[in-house]
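To start, the structure itself, in structure tokens.
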Amino acid sequence: QVQLVESGGGLVQAGGSLRLSCAASGRTFSRYAMGWFRQAPGKEREFVAAISWSGGSTNYADSVKGRFTISRDNDKNTVYLQMNSLKPEDTAVYYCARGSLSGREQEYDYWGQGTQVTVSS
């Protein structure tokens, strides 16, 4: 059983930064790509970013390119999402998930409970 636990969310002003972390249980973390998704109130969950098992490849949604950076530390079983130049439209619950480098939810099999990010204008 794999458990994913997100942390680092909070309230920040527009233009500010936050770093989300996702800690994974289990010994197979380094074998899988990991991704971040988000869901804003009243909207569908959407892809944010993904990183390959080695960290050598990444994939970003157009809406966050140049502002967000995904990274991972396989020794710590943790994946990160550095979010800079935050905008009010980034407000959402952010989820990490284990799966692939793609943005397709069906390719992810384990999900965390989410962490709330609120960006005030």
Side-chain angles (χ1 to χ4, degrees):
Q1 185 74 8
V2 174
Q3 289 188 323
L4 302 175
V5 180
E6 302 95 336
S7 61
L11 174 64
V12 64
Q13 288 188 331
S17 298
L18 281 175
R19 188 176 82 153
L20 305 183
S21 299
C22 172
S25 65
R27 294 178 289 179
T28 61
F29 175 79
S30 62
R31 300 179 190 175
Y32 292 90
M34 298 292 295
W36 286 95
F37 290 74
R38 67 186 182 187
Q39 187 168 22
K43 294 188 176 182
E44 296 288 318
R45 188 158 58 186
E46 64 176 3
F47 170 74
V48 176
I51 188 166
S52 63
W53 67 271
S54 67
S57 297
T58 56
N59 181 23
Y60 293 94
D62 288 343
S63 59
V64 306
K65 279 181 183 176
R67 300 189 298 123
F68 290 11
T69 302
I70 188 170
S71 62
R72 67 190 296 161
D73 186 336
N74 286 341
D75 290 334
K76 295 182 179 179
N77 277 17
T78 302
V79 61
Y80 304 98
L81 186 68
Q82 178 67 43
M83 306 186 295
N84 298 329
S85 302
L86 282 161
K87 305 175 182 180
E89 51 264 44
D90 294 318
T91 294
V93 177
Y94 283 71
Y95 300 89
C96 72
R98 189 186 81 168
S100 80
L101 200 55
S102 82
R104 294 184 290 273
E105 285 195 37
Q106 59 266 39
E107 297 186 14
Y108 291 79
D109 56 1
Y110 288 96
W111 295 78
Q113 292 300 305
T115 185
Q116 176 70 47
V117 171
T118 303
V119 184
S120 63
S121 57

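Reckoned from all heavy atoms, side chains included, excluding hydrogens, waters and symmetry mates.
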Whether over 12 other heavy atoms sit under 6.0 Å from Gln3 CD: no
Joint hydrophobic cluster, Tyr108 plus Trp36, side-chain heavy atoms closer than 4.5 Å: no
Spacing of Leu81 atom CG and Met34 atom CE [to the nearest 0.5 Å]: 12.0 Å
Arg67 side chain vs Ser85 backbone, donor-acceptor pair below 3.5 Å: yes
Step-by-step ring-ring contact (aromatic ring centres under 6.0 Å, His included) determination, Tyr110 to Tyr32: CA-CA 11 Å; Tyr110 288 96; Tyr32 292 90; 8.5 Å; no
Verdict with reasoning, Phe68 to Leu86, per side chain to side chain contact (heavy atoms under 4.5 Å, CB included): CA-CA 9 Å; Phe68 290 11; Leu86 282 161; 3.8 Å; yes
Rounded distance (nearest 0.5 Å) linking atom OH of Tyr60 with atom CZ of Phe47: 9.0 Å
Value rounded to 0.5 Å, distance of CZ in Arg98 from SG in Cys22: 11.5 Å
Could you list the donor-acceptor pairs under 3.5 angstrom formed between side-chain atoms of residues 8-20 and any protein atom two or more places apart in sequence or on another chain?
from: Ser17; atom 1: OG; to: Asn84; atom 2: OD1; distance (Å): 2.9

Thr78 side chain to Lys76 backbone, donor-acceptor under 3.5 Å: yes
Pairing of Lys65 and Asp62 as salt bridge, 4.0 angstrom limit: yes
Residue pair Trp111, Phe37: steps toward the ring-ring contact (aromatic ring centres under 6.0 Å, His included) verdict: CA-CA 10 Å; Trp111 295 78; Phe37 290 74; 4.9 Å; yes
Working for side chain to side chain contact (heavy atoms under 4.5 Å, CB included), residues Trp53 and Arg31: CA-CA 5 Å; Trp53 67 271; Arg31 300 179 190 175; 5.7 Å; no
Any donor-acceptor pair under 3.5 Å from Tyr80 side chain to Thr69 backbone: no
Spatial distance of atom CD1 (Ile70) from atom OG (Ser52) [nearest 0.5 Å]: 9.5 Å
Heavy-atom donor-acceptor pair, Asn59 side chain to Leu101 backbone, under 3.5 Å: yes
For the student: nearest non-hydrogen atoms of Ala24 and Leu4, plus distance: CB-CD2, 3.5 Å
Donor-acceptor contact present, side-chain Glu6 to main-chain Gln113, <3.5 Å: yes
Those residues that, when tested against Gln39, pass side-chain contact (heavy atoms from CB on, under 4.5 Å) (two or more places apart): Arg45, Tyr95
For the student: nearest non-hydrogen atoms of Ser100 and Ala33, plus distance: C-CB, 3.4 Å
Greater than 12 external heavy atoms within 6.0 Å of Glu46's CD: yes
Approximate separation, where rounding is to 0.5 Å, of Arg72 CZ and Ser30 OG: 7.0 Å
From Val117, Val48, Val119, residue fulfilling side chain to side chain contact (heavy atoms under 4.5 Å, CB included) relative to Asp90: Val119
Atom pair CD/OG of Gln82 and Ser21 - distance to nearest 0.5 Å: 9.5 Å
Donor-acceptor contact below 3.5 Å, side chain Asn77 vs main chain Gly26: yes
